[in-house]
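One structure below.
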Amino acid sequence: MTTDTETDVFEEHRPVLLGVAYRMLGRVADAEDVVQEAWLRWSGADRSEVREPRGYLVRITTRLAIDRLRQVKARGETYVGPWLPEPYVTDFGHTVPDTAERAVLADSVSLAVLVVLESLSPLERAVFVLREAFGYPYAEIAAMLDRGEAAVRQLAGRARKHVDERRPRYEVDPTQRRDLTERFLAAAAGGDLEGLMSLLAPEVRLVGDSGGKAKAPLRVLETADKVGRFIVGAARKGVADLSWRFLEINGGPAVLALSGGKPDSVFQLDVLDGRIQAVYIIRNPDKLTALATA
């Protein structure tokens with residue numbers, strides 16, 4: 001039987017645990033399952049030997065997430081079309097006052113970075129998340145993963161090199177991204193192809209995630225001409241009873257489009273040098289259910 005104090009301690013650290021699990025898995029439901037399992041381990045543990053609850057809970061959560069990630073990879077799941085992480089509602093602007101820390105957290109949970117993290121091994125991903133997103137010392141990460149510190153440093157170096165080589169460059173300034181998003185929506189809604197093209201970088205990419213369960217491109221579209229024409233064409237077809245609102249998703253401004261009040265899609269842009277570098281569209285209904293009450 002747990003006490004209020006034990007519950008309070010766990011709830012205090014729940015946001016960090018969910019943050020670790022989501023960055024490891026890219027799936028909100030899986031992350032929540034992992035955190036729930038961590039709670040069961042915590043509630044049944046001998047806490048008289050726990051000197052530092054946060055470290056203990058992060059260690060449990062990380063190990064459970066590694067196991068879950070290995071299971072997913074072992075199943076060799078096939079996915080129809082491009083894959084994007086499940087949208088994760090964040091609120092760094094209100095909860096993290098320090099601009100530099102907020103930028104690090106936002107980058108570590110961005111759609112672009114999470115896509116790259118999918119190509120890491122489970123251990124590499126765990127080390128990268130704990131070190132880069134949460135700033136844990138190598139010695140603590142080694143203890144969490146039952147690995148030598150030298151091995152952890154090697155994993156971290158390999159993971160960082162991999163991510164740095166593959167992550168696209170973009171601005172994290174939320175004001176600029178919000179402004180360009182509003183202009184993007186206005187041009188698309190007005191069928192203004194010329195205006196839309198002026199916002200797009202020449203080699204812009206559009207990544208649509210439908211999982212084969214909604215209409216979206218089954219391959220990545222590249223170049224301003226192809227992306228612009230697709231967006232204008234999709235806008236002309238329209239969505240029944242369309243409305244939208246802005247949310248902070250994965251560390252940056254995004255648009256939740258609703259049809260009849262129900263989530264239809266999420267749009268988010270990557271921006272660099274005042275131009276749109278990437279357009280992400282998530283339409284897989286399985287990934288939008290959590291946004292119904294967002």
Side-chain angles (χ1 to χ4, degrees), residues 1-3 5-77 83 85-86 88 90 104-105 107-110 113-163 250 290:
M1 182 175 180
T2 59
T3 66
T5 300
E6 292 158 0
T7 302
D8 291 344
V9 169
F10 187 87
E11 290 303 319
E12 176 187 351
H13 299 297
R14 181 185 287 272
V16 171
L17 305 182
L18 188 58
V20 170
Y22 175 76
R23 286 169 175 81
M24 284 288 298
L25 299 164
R27 302 164 178 85
V28 175
D30 284 355
E32 290 174 341
D33 287 347
V34 162
V35 172
Q36 180 61 25
E37 180 62 28
W39 159 250
L40 295 176
R41 301 282 183 95
W42 168 253
S43 63
D46 180 3
R47 281 171 299 281
S48 64
E49 298 182 1
V50 178
R51 294 193 299 264
E52 209 283 291
R54 174 175 167 134
Y56 177 86
L57 290 168
V58 169
R59 180 172 73 249
I60 291 174
T61 300
T62 301
R63 290 180 176 181
L64 289 170
I66 288 172
D67 290 343
R68 178 67 66 95
L69 195 56
R70 283 172 172 161
Q71 291 168 10
V72 170
K73 288 181 178 292
R75 287 199 299 266
E77 293 180 333
W83 178 91
E86 183 178 348
Y88 179 47
T90 52
V104 170
L105 284 171
D107 181 60
S108 72
V109 80
S110 70
V113 168
L114 289 175
V115 168
V116 177
L117 294 189
E118 282 289 297
S119 58
L120 297 178
S121 73
L123 272 177
E124 287 172 339
R125 189 164 181 168
V127 171
F128 183 89
V129 167
L130 294 173
R131 178 65 182 173
E132 302 296 326
F134 295 96
Y136 277 97
Y138 290 115
E140 288 189 40
I141 299 173
M144 289 180 187
L145 301 179
D146 282 336
R147 294 290 192 281
E149 185 174 340
V152 165
R153 286 179 179 273
Q154 188 176 42
L155 284 167
R158 191 159 62 231
R160 190 181 303 111
K161 182 174 184 292
H162 180 92
V163 173
N250 291 78

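Quick caveat: nothing in here was measured; it's all calculated off a predicted structure. All heavy atoms count here, side chains included; hydrogens, waters and symmetry mates do not.
Within the model, atoms OG1 of Thr7 and CD of Glu12 stand 12.5 Å from one another, a figure rounded to the nearest 0.5 Å. Residue Ile60 holds its CD1 atom at 11.0 Å from CE of Met144, rounded to the nearest 0.5 Å. The distance from the CH2 atom of Trp39 to the CD atom of Glu11 is 7.5 Å, given to the nearest 0.5 Å. Rounded to the nearest 0.5 Å, atoms CG (Leu17) and CZ (Arg59) are 12.5 Å apart. In this structure, CZ on Phe128 lies 13.0 Å from CG on Leu155, to the nearest 0.5 angstrom. Here Thr62 contributes atom OG1 and Tyr136 contributes atom OH; the two are 8.0 Å apart, rounded to the nearest 0.5 Å.
Contact record, Glu52 with Gly55: OE1-N, 2.6 Å, taken as the closest heavy-atom pair. The heavy-atom pair separating Thr61 from Ala21 by the smallest distance is CG2-CB, 4.1 Å. What you find for Val152 and Tyr138 is that their closest heavy atoms are CG1-CD2, 3.9 Å. The shortest heavy-atom contact between Ala290 and Glu86 is CB-OE2, 4.3 Å. Closest heavy-atom contact between Tyr22 and Pro85: OH-CB, 3.6 Å. Contact between Ala126 and Met24 at its shortest, heavy atoms only, is CA-SD, 3.3 Å.
Within the 4.5 Å cutoff, the side chain of Arg147 has no heavy atoms near those of the Val127 side chain. Residues Phe10 and Val35 have side chains in contact (heavy-atom distance under 4.5 Å, counting atoms from C-beta outward). Using a 4.5 Å cut-off on side-chain heavy atoms (C-beta onward), Phe134 and Ile141 make no contact. Side-chain atoms of Asp33 and Arg68, non-hydrogen and from C-beta on, do get closer than 4.5 Å to each other. Using a 4.5 Å heavy-atom cutoff, the side chains of Arg70 and Leu123 are in contact. The closest side-chain heavy-atom distance from Thr90 to Asn250 is not below 4.5 Å. Side-chain contact between Asp146 and Arg63 is present, with at least one heavy-atom pair separated by less than 4.5 Å. The shortest side-chain heavy-atom distance between Leu120 and Val163 falls under the 4.5 Å cut-off.
Qualifying side-chain contact (heavy atoms from CB on, under 4.5 Å) partners for Glu37, counting only residues two or more places apart in sequence or in other chains: Leu40, Arg41, Leu64. Looking at residues two or more places apart in sequence or on another chain, you find a side chain to side chain donor-acceptor pair (under 3.5 Å) between Glu132 and Arg160.
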Kindly indicate, with the supporting measurements, whether the criterion side-chain contact (heavy atoms from CB on, under 4.5 Å) is fulfilled by Leu114 and Tyr88. CA-CA 11 Å; Leu114 289 175; Tyr88 179 47; over 6 Å; no

Tell me, with the steps shown, if Glu140 and Val58 meet side-chain contact (heavy atoms from CB on, under 4.5 Å). CA-CA 11 Å; Glu140 288 189 40; Val58 169; over 6 Å; no

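When the shell of 6.0 Å around CD of Glu149 is examined, it contains more than 12 heavy atoms from other residues, nucleotides or ligands.
Side chain of Arg23 to backbone of Gly19: a donor-acceptor contact under 3.5 angstrom is found.
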